[in-house]
Amino acid sequence: MDILRSIQTRRSIRKYGEQPVEQEKIERCLEAGRLAPSACNAQPWTFIVVNEPGLKDQVARTARAQTLNMNKFAAQAPAIIAIVEEPANVTSTLGSKIKRKHYPLIDIGIAAENICLQATEEGLGTCMIGWLNEKKAKRLLGVPDSKRIPLLISLGYTTDEWPNSRNRKAFEKIVRYNKY
Ligand SMILES: Cc1cc2nc3c(=O)[nH]c(=O)nc-3n(C[C@H](O)[C@H](O)[C@H](O)COP(=O)(O)O)c2cc1C
């Protein structure tokens, strides 16, 4: 599969079966995350694979927003990857300050997409989950209070049909050449 094909195939998957995910597949996804580019090569991340069923359910619950009916599916996923934001190196931190841009969040977004694209290649479904109770998730995973968990990624085989693609803005609407 070429890269554009993989990008076109990826969907946010919100229905998972019980089939566990093979360790080698998880590791190839994490390897794709590890190799992601980052500002000043700071690599400001730790990936925590949560696959112990009891703990995974508890972590999934931190993403549940009952009133908005969001993220109930996370508990079905056989694995969740929590991305912890680590302190960036001196140059990236300085760059963030000078340019008023929080590079680590950009870096983590890229690593997360690398993980999701490799998962697609492996025949797995993923969903990035940015709505979570970080305080609770950190307590469950032993992450220091001072750190952040910007994203969880649910991971597993879907039992459903592969969903249709979500709508995207038209190419002409978002692409300009040479001038805004
Ligand atoms: C940073 C980020 C946070 C997200 N958080 C959630 C979330 O908390 N719950 C959820 O169901 N989907 C979440 N999503 C998935 C988006 O809703 C989804 O990517 C978007 O609707 C496009 O659909 P697609 O991924 O199937 O192409 C998130 C995606 C991103 C990139």
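In this structure, C116 and M128 have side chains that are in contact, with non-hydrogen atoms separated by less than 4.5 Å. Here the side chains of S165 and R11 are in contact, with some heavy-atom distance below 4.5 Å. At least one side-chain heavy atom of D145 sits under 4.5 Å from a side-chain heavy atom of K135. Inter-residue side-chain proximity for R148 and V84 is flagged as unmet; no heavy-atom pair is nearer than 4.5 Å. Side-chain contact between L68 and W131 is present, with heavy atoms from C-beta onward closer than 4.5 Å. The shortest distance between side-chain heavy atoms of V143 and I48 falls below 4.5 Å. Annotation: side chain of I108 is in contact with side chain of E85 (closest heavy-atom distance under 4.5 Å). Side-chain atoms of I26 and V49, non-hydrogen and from C-beta on, do get closer than 4.5 Å to each other.
One hydrophobic cluster holds both L124 and I115 under the rule that ILVMFWY side chains link at heavy-atom gaps under 4.5 Å. Under a hydrophobic clustering in which Ile, Leu, Val, Met, Phe, Trp and Tyr are joined whenever their side-chain heavy atoms come within less than 4.5 Å, directly or via other members, L94 and I106 fall into different clusters. Tracing side-chain contacts under 4.5 Å through hydrophobic residues (I, L, V, M, F, W, Y), one reaches I149 starting from V50; they form part of the same cluster.
Proximity of a side-chain donor or acceptor of K25 to a complementary backbone N or O of E122 within less than 3.5 Å is detected. For Q118 (side chain) and A32 (main-chain N/O), no donor-acceptor pair under 3.5 Å exists by modelled atom type. In this structure, the side chain of R166 does not engage the main chain of P163 through any donor-acceptor pair within 3.5 Å. Judged purely by atom type and a 3.5 angstrom limit, R64 uses its side chain to pair as donor or acceptor with the backbone of M70. Side chain of N71 to backbone of A60: no donor-acceptor contact under 3.5 angstrom is found. Side chain of S96 to backbone of S92: a donor-acceptor contact under 3.5 angstrom is found. Under the 3.5 Å distance criterion, the side-chain polar atoms of T9 are matched with a main-chain donor or acceptor of R5. Using a distance-only test at 3.5 Å, with no hydrogens or angles considered, a donor-acceptor pair links the side chain of E52 to the main chain of G54. Looking only at distances, no side-chain donor or acceptor of N133 sits under 3.5 Å from a matching main-chain atom of T62.
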>> Checking I7 against L117 for the side-chain contact (heavy atoms from CB on, under 4.5 Å) test, could you report, in this order, the C-alpha distance in whole Å, the side-chain angles of both residues, the deciding distance, and whether it holds?
In response: CA-CA 7 Å; I7 290 167; L117 289 177; 3.8 Å; yes

> Where do T120 and S6 land on the side-chain contact (heavy atoms from CB on, under 4.5 Å) test, with the steps shown first?
Replying inline: CA-CA 7 Å; T120 307; S6 175; 4.1 Å; yes

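Salt-bridge annotation for E113 and R10: present, with a side-chain N of the basic residue lying under 4.0 Å from a carboxylate O of the acidic one.
With values rounded to the nearest 0.5 angstrom, I13 atom CD1 is found 11.5 Å from Q76 atom CD. Taking CZ of F47 as the start and CD1 of I81 as the end, the distance is 8.0 Å to the nearest 0.5 Å. To the nearest 0.5 Å, atoms CD1 (I110) and CG (L105) are separated by 11.0 Å. L152 contributes atom CG, which lies 9.0 Å from atom CD of E134 (distance to the nearest 0.5 angstrom). Remark: N114 CG to L35 CG distance equals 7.5 Å, nearest 0.5 Å. Interatomic distance, S154 OG to K56 NZ, rounded to the nearest 0.5 Å: 10.0 Å.
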Listed pairs under 3.5 Å, donor-acceptor, residues 36-45 side chains, sequence neighbours left out:
residue : atom : partner : partner atom : Å
S38     : OG   : A42     : N            : 3.1
S38     : OG   : Q43     : N            : 2.9
N41     : OD1  : Q43     : NE2          : 3.1
Q43     : NE2  : N41     : O            : 3.1

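Each of I80, T126, I129 was evaluated against I153; a single residue qualifies, T126, per the side-chain contact (heavy atoms from CB on, under 4.5 Å) test.
Contact detail for P150 and L132: the closest heavy-atom pair is O-CD2, 4.2 Å. Between Q23 and E27, the shortest heavy-atom distance links the atoms NE2-OE2, 2.7 Å. When all heavy atoms of V59 and L141 are compared, the pair lying nearest together is CG2-CD2, 3.9 Å. Taking all atoms of both residues into account, the shortest heavy-atom contact from A79 to N51 is CB-CB, 4.4 Å.
By the salt bridge (Lys or Arg N to Asp or Glu O under 4.0 Å) test, R34 is found to be paired with E31, residues two or more places apart in sequence or in another chain being considered.
Defined by atom type and a distance below 3.5 Å, a donor-acceptor pair is missing between the side-chain atoms of Y157 and K15. There is no side-chain donor-acceptor pair under 3.5 Å between T159 and Y16.
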